[in-house]
Peer 1: 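Here's a structure for you.
Owing to the predicted nature of the structure, the values given are computational and were not obtained by experimental measurement.
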Amino acid sequence: MSQELSSLLDLLDLERVEQDIFRGQSRFAVVPRVFGGQVAAQALVSACRTVPAERLPHSLHSYFLRAGDPGTPIVYTVDRIRDGRSFTTRRVVAVQHGQPIFHLSASFQIHEEGLEHQEPMPEAPDPETLPTAEELMPRYASLFPDTETPRRLLEARAAVDLRYVHEPPFASVGLRRDPRSQVWFRTNGKLQGESDDPMLHICLATYVSDMTLLDSVLLAHGRGGWAVGDVVGASLDHAMWFHRPFRADEWLLYDQESPTAQGGRGLARGRIFTRGGALAVSVIQEGAVRIPRDEQR
């Protein structure tokens, strides 16, 4: 296991303050606020710790309410909404400085057999044929206004081996493309021992799911993204459905698209497939995507 992955697992290992109250720290992010995937994953961890181990998350629905302060601990309070025979529901509120910054509802289910069907996995090249982030980033370093941005991006994503199938938004500024994006990802190291927990694999996928989902919105308009500085905004809400078992330390294909953007908001949806073709997760997110004010003048 890499040191970067070990640090991420420590980040998700929340301190239990009371029976249903947890406290988490934050890690470095490229922008001066808490990374949305981090707070979503930590909130899901806190919910999971109040649910029997045999009940895994099958869906979550969440809202980003305020920008998180990376220098201040986040307190997660869990409400035990319902404990049924098959399903369990939890609600989590993340608080900083006395104000809620994030709200999540999650539903859990015991394993059941039932009807089966799924969409086929889209075509994509093998992940081993694609450049790593360390190989990709130096090619486009000159596009970032801040020369430190490429290094910070690599540091922020160091726990994840994430490989773009096509050029990312920051590599094609000014070029409008089909609003679709694909990445392969896996953790930078294997999960072993106590870390090899199905719940943790789900929480790690939740963490990664917010990294690239709005890329397809940017591609449709030839925008490079927050790090390039030609858009401003943030995630507004985030929903996930967990369909089939998967491992976050094995290659997963994240197929993403944007059906619409309007009113300063862009909608993106994604599907996460195992390398074997199983549809493991569905994701939908809306984000605030605005043109900088100085560009509007």
Peer 1: So, using side chain to side chain contact (heavy atoms under 4.5 Å, CB included) as the criterion, who are the partners of Ala220 when residues are at least two apart?
Peer 2: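 Partners of Ala220 by the side chain to side chain contact (heavy atoms under 4.5 Å, CB included) criterion, ordered by chain and then number, come out as Pro179.
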
Peer 1: Just one of Leu252, Asp196, Thr187 clears the side chain to side chain contact (heavy atoms under 4.5 Å, CB included) bar with Arg247, so which one?
Peer 2: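 Per the side chain to side chain contact (heavy atoms under 4.5 Å, CB included) rule, the option paired with Arg247 is Asp196, out of Leu252, Asp196, Thr187.
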
Peer 1: Cluster partners of Ile284, using ILVMFWY side-chain heavy atoms under 4.5 angstrom, listed by chain and number?
Peer 2: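 Trp241, Leu267, listed by chain and number.
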
Peer 1: Identify which one of Leu204, Asp13, Asn188 satisfies the side chain to side chain contact (heavy atoms under 4.5 Å, CB included) criterion when paired with Leu8.
Peer 2: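 With Leu8 as partner, side chain to side chain contact (heavy atoms under 4.5 Å, CB included) holds for just one option, Leu204.
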
Peer 1: Got a salt bridge between Glu167 and Arg139, using NZ or NE/NH1/NH2 to carboxylate O under 4.0 Å?
Peer 2: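 Answer for the salt bridge query: no.
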
Peer 1: Answer with yes or no whether the side chains of His117 and Glu119 bring together a donor and an acceptor at under 3.5 Å.
Peer 2: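 No pair is found: no donor N or O on one side chain lies under 3.5 Å from an acceptor on the other.
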
Peer 1: Under 3.5 Å, is there a donor-acceptor pair linking the side chains of Ser62 and His238?
Peer 2: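 Side-chain D/A pair, Ser62 to His238: absent.
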
Peer 1: Parallel, tilted or perpendicular, judged at 30° and 60°: which one describes the rings of Phe64 and Phe102?
Peer 2: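 Aromatic pair Phe64/Phe102 classed tilted.
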
Peer 1: Show which residues join Leu219 in its hydrophobic cluster (side-chain heavy-atom contacts under 4.5 Å, direct or indirect), or state none.
Peer 2: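 In the cluster with Leu219 there is nothing else; it is isolated.
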
Peer 1: Taking the six-membered ring for Trp, are Phe35 and Tyr207 closer than 6.0 Å centroid to centroid?
Peer 2: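 Centroid distance Phe35-Tyr207: below 6.0 Å, so yes.
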
Peer 1: Under the 4.5 Å side-chain heavy-atom rule for ILVMFWY, direct or indirect, which residues accompany Met121?
Peer 2: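 Met121 shares its hydrophobic cluster with Leu130, Val165, Trp184, Trp251, Leu253, Phe273, Leu279.
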
Peer 1: For Ala234, which residues count as a side chain to side chain contact (heavy atoms under 4.5 Å, CB included) partner, sequence neighbours excluded?
Peer 2: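 Once residues adjacent in sequence are excluded, the partners of Ala234 under the side chain to side chain contact (heavy atoms under 4.5 Å, CB included) criterion are Arg33.
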
Peer 1: My understanding is that a hydrophobic cluster links ILVMFWY residues whose side chain heavy atoms are under 4.5 Å apart, including indirect links. Using that, what else belongs to the cluster containing Ile81?
Peer 2: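 Ile81 clusters with nothing; isolated.
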
Peer 1: Taking atom OH as the centre, does Tyr140 end up with more than 12 heavy-atom neighbours from other residues, nucleotides or ligands that are less than 6.0 angstrom away?
Peer 2: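 Yes, because the 6.0 Å sphere around OH of Tyr140 holds more than 12 heavy atoms from other groups.
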
Peer 1: Counting C-beta onward and ignoring hydrogens, is there a side-chain heavy-atom pair between Phe22 and Ile74 closer than 4.5 Å?
Peer 2: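 Of all side-chain heavy-atom pairs linking Ile74 with Phe22, none is under 4.5 Å.
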
Peer 1: With a 4.0 Å cut-off on N to O distance, would you call Glu257 and Arg180 a salt bridge?
Peer 2: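 Here Glu257 pairs with Arg180 in a salt bridge, since their nearest N and O are under 4.0 Å apart.
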
Peer 1: With a 4.5 Å cut-off on side-chain heavy atoms, are Gln99 and Arg66 touching?
Peer 2: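 Yes - at least one pair of side-chain heavy atoms lies under 4.5 Å apart.
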
Peer 1: So that I can tick it off, tell me whether Glu128 and Arg275 are bridged by a salt bridge, with the cut-off set at under 4.0 angstrom between side-chain N and carboxylate O.
Peer 2: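 Yes, charged N to carboxylate O under 4.0 Å.
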
